[in-house]
*Asks:* 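Would you mind keeping the following structure in view while I ask a few things?
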2 protein chains.
Amino acid sequence: MTEAPGPTSRNKILEVAEARFAQRGYAGVGLREVAEAAGLSKSSLFHHFPSKAALYCSMLDGVLRRLEARLGPALGTEQAPPERLEAGLDELISVLAEQPTTARLLLRTLFEDDDLPEGGLPEADAMNATLARVIGAIHTVIEAGVADGSFRPVSVPHTVQTLVGTCVYHFASGEFGDELLGRPIFSAEAVRARREEVRAFVHFGLARQTDSAPKEKAS
Amino acid sequence: MTEAPGPTSRNKILEVAEARFAQRGYAGVGLREVAEAAGLSKSSLFHHFPSKAALYCSMLDGVLRRLEARLGPALGTEQAPPERLEAGLDELISVLAEQPTTARLLLRTLFEDDDLPEGGLPEADAMNATLARVIGAIHTVIEAGVADGSFRPVSVPHTVQTLVGTCVYHFASGEFGDELLGRPIFSAEAVRARREEVRAFVHFGLARQTDSAPKEKAS
DNA sequence: AAGCGCCCCGACCGATCGGTCGAAGGGATA
DNA sequence: TATCCCTTCGACCGATCGGTCGGGGCGCTT
């Protein structure tokens, strides 16, 4: 209903917009640049999208739906909450490692309050709804774990922020200064390391246990 | 030499620029806005700074020097590398919690490759030199720890990225969606929690030990 | 062939961007 | 009082911004 991934002009625009906005942010990208990179003129772009904000929101909505399609199944198995959470974060890490643009766009979305100018346009509502579903899916799993006692009584939103943010950040920053780090920051080993790190957090930092828990929080 | 913190127009501009650029990024802020918020006209701003990029770099250099002044003493004691690293990260967390703009600007600097257009202007060189000193100070401590055997033979740049990035990210994102999290994301408890998390990483994840190490990496 | 709808385009709009210029105010020195 | 420097300013520049408009090509139906 929302998308048919044919090589249409609209999809080409969305594809280009995703790459450009991920690289330089909402304010840093002009529509002329997007249109010409997509192979048409700026006027034609406005035939497919009513405004810059609508284009950005439509693009981000598509990215989030892609993410949702991967995270949903992983989080929705019939296993116990810790295993479901671990599987979901594993999948999240896979997606971020495969799609660098997703990581960067997600990071921008999570930490930029006013990246795009507000205004009650319908595309923004749809995008926010998708984002809320994705976040809510993780939220629900952690909440279930807290409810059945497998997780400590942490602040669920804060924990979601910690988990998602840590994953997103690492795959969003490709390099860390040329003279300090010559090679790209993530690779197969980096993905594995991050996976183990998150796994350790879930099973040692978040799970209920007696001592040596590295994390404590007020509710 | 570089700064005298009097209430001069120049300092007022830098102060306003820090807040604005931290909020909306380099491309998202216009100089007219900065100048008027600082109480003078755009022309006057150009009397104090030769260009927008120079203003941004001068501002960021000041922020980094402020950070350096706090991190240097903490990292430079005569204790063992793990304790020095922990003290430095403790101080980093304190600075980030006290100065939200520093966290946001640092996050932008670390993950935005092309936030500001390159060009061999001297302010950019000075800023990059300051950044390299700050990062290098942490780098050196970890390297010393690896050399004397108190840390496992990790990739030092990657470890710096992990440590700094994790701290910075959490204090850069003030909220995480209004309906999912009503209160500001960090407070006294959040600062303490992050401190303990980093401390756990240094002593359990980074330190050399036999088992239960949650992190492994290729060199 | 006539009509229609979709898609694309060049030209244009007002606003704002970063940046320049010449002049004026004001305080210190002579 | 005259000179000088630092600072501030309004006016202006070309370029680019997001966005609009009218028209033309093209395929499909009738």
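The basis for the numbers below is simple: all heavy atoms, side chains too, and nothing from hydrogens, waters or symmetry mates. As the structure is a prediction and not an experimental result, all values here were calculated from the model. By convention in this document, chain letters (A, B, ...) are assigned in the order of the sequence lines, proteins followed by strands, and residues within each chain are numbered from 1.
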*Asks:* Got a sec, which residues hit side chain to side chain donor-acceptor pair (under 3.5 Å) with A:Thr101, two or more places apart in sequence or on another chain?
*Replies:* A:Glu18

*Asks:* Rounded to the nearest Å, what distance is computed from the CG atom of residue A:Leu45 to the P atom of nucleotide D:dT20?
*Replies:* 12 Å

*Asks:* Figure out the CG/C1' separation between A:Leu31 and D:dA15, and round it to whole Å.
*Replies:* 16 Å

*Asks:* Rounded to the nearest Å, what distance is computed from the CG atom of residue A:Leu55 to the C1' atom of nucleotide D:dG19?
*Replies:* 13 Å

*Asks:* Output all residues satisfying salt bridge (charged side-chain N to carboxylate O under 4.0 Å, His left out) with A:Arg32, sequence neighbours left out; order by chain, then residue number.
*Replies:* none

*Asks:* List in chain and number order the residues that pass salt bridge (charged side-chain N to carboxylate O under 4.0 Å, His left out) with A:Glu91, two or more places apart in sequence or in another chain; answer none if no residue qualifies.
*Replies:* A:Arg70

*Asks:* I'd like a list of close polar pairs between nucleotides 7-13 of chain D and the protein, N/O only, cut-off under 3.5 Å.
*Replies:*
{"unit_1": "D:dT7", "atom_1": "OP2", "unit_2": "B:His47", "atom_2": "NE2", "d": "3.3"}
{"unit_1": "D:dT8", "atom_1": "OP1", "unit_2": "B:Ser9", "atom_2": "OG", "d": "2.4"}
{"unit_1": "D:dT8", "atom_1": "OP2", "unit_2": "B:His48", "atom_2": "NE2", "d": "2.6"}
{"unit_1": "D:dC9", "atom_1": "OP2", "unit_2": "B:Ser41", "atom_2": "N", "d": "2.8"}
{"unit_1": "D:dC9", "atom_1": "OP2", "unit_2": "B:Ser44", "atom_2": "OG", "d": "3.1"}
{"unit_1": "D:dG10", "atom_1": "N7", "unit_2": "B:Ser43", "atom_2": "OG", "d": "3.2"}
{"unit_1": "D:dG10", "atom_1": "O6", "unit_2": "B:Ser43", "atom_2": "OG", "d": "2.3"}
{"unit_1": "D:dA11", "atom_1": "N6", "unit_2": "B:Ser43", "atom_2": "OG", "d": "3.3"}

*Asks:* Please name all residues satisfying side chain to side chain donor-acceptor pair (under 3.5 Å) with B:Thr140, sequence neighbours left out, ordered by chain then number.
*Replies:* none

*Asks:* Is any side-chain heavy atom of B:Thr166 closer than 4.5 Å to one of B:Val198?
*Replies:* no

*Asks:* Holding to side-chain contact (heavy atoms from CB on, under 4.5 Å), I want the full list of residues that pass it with B:Ala17, two or more places apart in sequence or in another chain.
*Replies:* B:Phe21, B:Val34, B:Leu55, B:Met59

*Asks:* Would you mind reading off the distance between B:Glu36 atom CD and C:dT16 atom P, rounded to a whole angstrom?
*Replies:* 11 Å

*Asks:* Assign B:Val29 to base, sugar-phosphate, or nothing according to its heavy-atom contacts below 4.0 angstrom with the strands shown.
*Replies:* sugar-phosphate

*Asks:* Could you tell me the separation between the NZ atom of B:Lys52 and the P atom of C:dC17, rounded to a whole number of Å?
*Replies:* 9 Å

